[in-house]
Amino acid sequence: MRILLRVKPGASRTAVGGRYDGPSGPALVVAVAARAVEGQATKAVLEAVAAAFGVRRAAVTLVRGATSRDKLVEVDGEDAQLQPRLEELLG
């Protein structure tokens, strides 16, 4: 399943949840404590998304947006299990 993300680097704590209505459509908000330096925030985002969906880190792949706040990730798993969790996180 592909998921649009809106990243907030430098947050006080890591959190996954909320909705951002951007130009590409609704995106899941991911706040991470890591700064956007040398890919640290992107790495933290992938780890946070994996934890939020209950999958291994290797099951989350960055598709687009390595240096952008707007990212597209691929989460490997059953859509029947991932879709309800996505809707819950979007609020």
Side-chain angles (χ1 to χ4, degrees):
M1 166 182 281
R2 289 190 173 200
I3 302 170
L4 287 170
L5 304 177
R6 177 65 172 196
V7 177
K8 294 184 175 181
S12 60
R13 64 184 180 91
T14 298
V16 178
R19 181 186 189 108
Y20 173 78
D21 292 314
S24 301
L28 178 62
V29 176
V30 180
V32 293
R35 294 279 177 199
V37 178
E38 297 178 5
Q40 293 174 0
T42 298
K43 180 181 175 191
V45 164
L46 297 177
E47 291 171 359
V49 169
F53 282 92
V55 297
R56 297 179 343 268
R57 164 55 191 91
V60 181
T61 308
L62 180 68
V63 176
R64 180 178 72 223
T67 60
S68 172
R69 284 180 167 230
D70 297 314
K71 300 186 185 303
L72 179 65
V73 296
E74 176 84 29
V75 180
D76 292 334
E78 296 293 324
D79 283 354
Q81 294 173 351
L82 297 176
Q83 188 63 38
R85 181 63 177 147
L86 176 60
E87 291 173 10
E88 179 183 337
L89 291 169
L90 285 170

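In this chain, residues are counted from 1 in sequence order. Quick caveat: nothing in here was measured; it's all calculated off a predicted structure.
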Side chain to side chain contact (heavy atoms under 4.5 Å, CB included) assessment of D21 paired with R6 = CA-CA 9 Å; D21 292 314; R6 177 65 172 196; over 6 Å; no

Please check if Y20 and L28 belong to a single hydrophobic cluster, counting links between Ile, Leu, Val, Met, Phe, Trp and Tyr side chain heavy atoms closer than 4.5 Å.
-> no

Is V16 reachable from L4 through a run of hydrophobic residues whose side-chain heavy atoms are each under 4.5 Å from the next?
-> no

Tell me, please, which residues at least two apart from K8 pass side-chain contact (heavy atoms from CB on, under 4.5 Å).
-> V29, A31

Can I get a per-line list of side-chain donor-acceptor pairs under 3.5 Å for residues 72-91, giving both atom names and the distance, sequence neighbours left out?
{"unit_1": "E74", "atom_1": "OE1", "unit_2": "R2", "atom_2": "NE", "d": "2.9"}
{"unit_1": "E74", "atom_1": "OE2", "unit_2": "M1", "atom_2": "N", "d": "3.3"}
{"unit_1": "Q83", "atom_1": "NE2", "unit_2": "E87", "atom_2": "OE2", "d": "3.1"}
{"unit_1": "R85", "atom_1": "NE", "unit_2": "A52", "atom_2": "O", "d": "2.8"}
{"unit_1": "R85", "atom_1": "NH1", "unit_2": "E88", "atom_2": "OE2", "d": "2.9"}
{"unit_1": "R85", "atom_1": "NH2", "unit_2": "A52", "atom_2": "O", "d": "3.3"}

Enumerate, atom names and distances included, each donor-acceptor pair closer than 3.5 Å involving a side-chain atom of residues 33-50, sequence neighbours excluded.
{"unit_1": "T42", "atom_1": "OG1", "unit_2": "A66", "atom_2": "O", "d": "3.1"}
{"unit_1": "T42", "atom_1": "OG1", "unit_2": "K71", "atom_2": "NZ", "d": "3.2"}

Taking the side chain as every heavy atom from C-beta outward, state whether F53 and V60 have any atom pair closer than 4.5 Å.
-> no

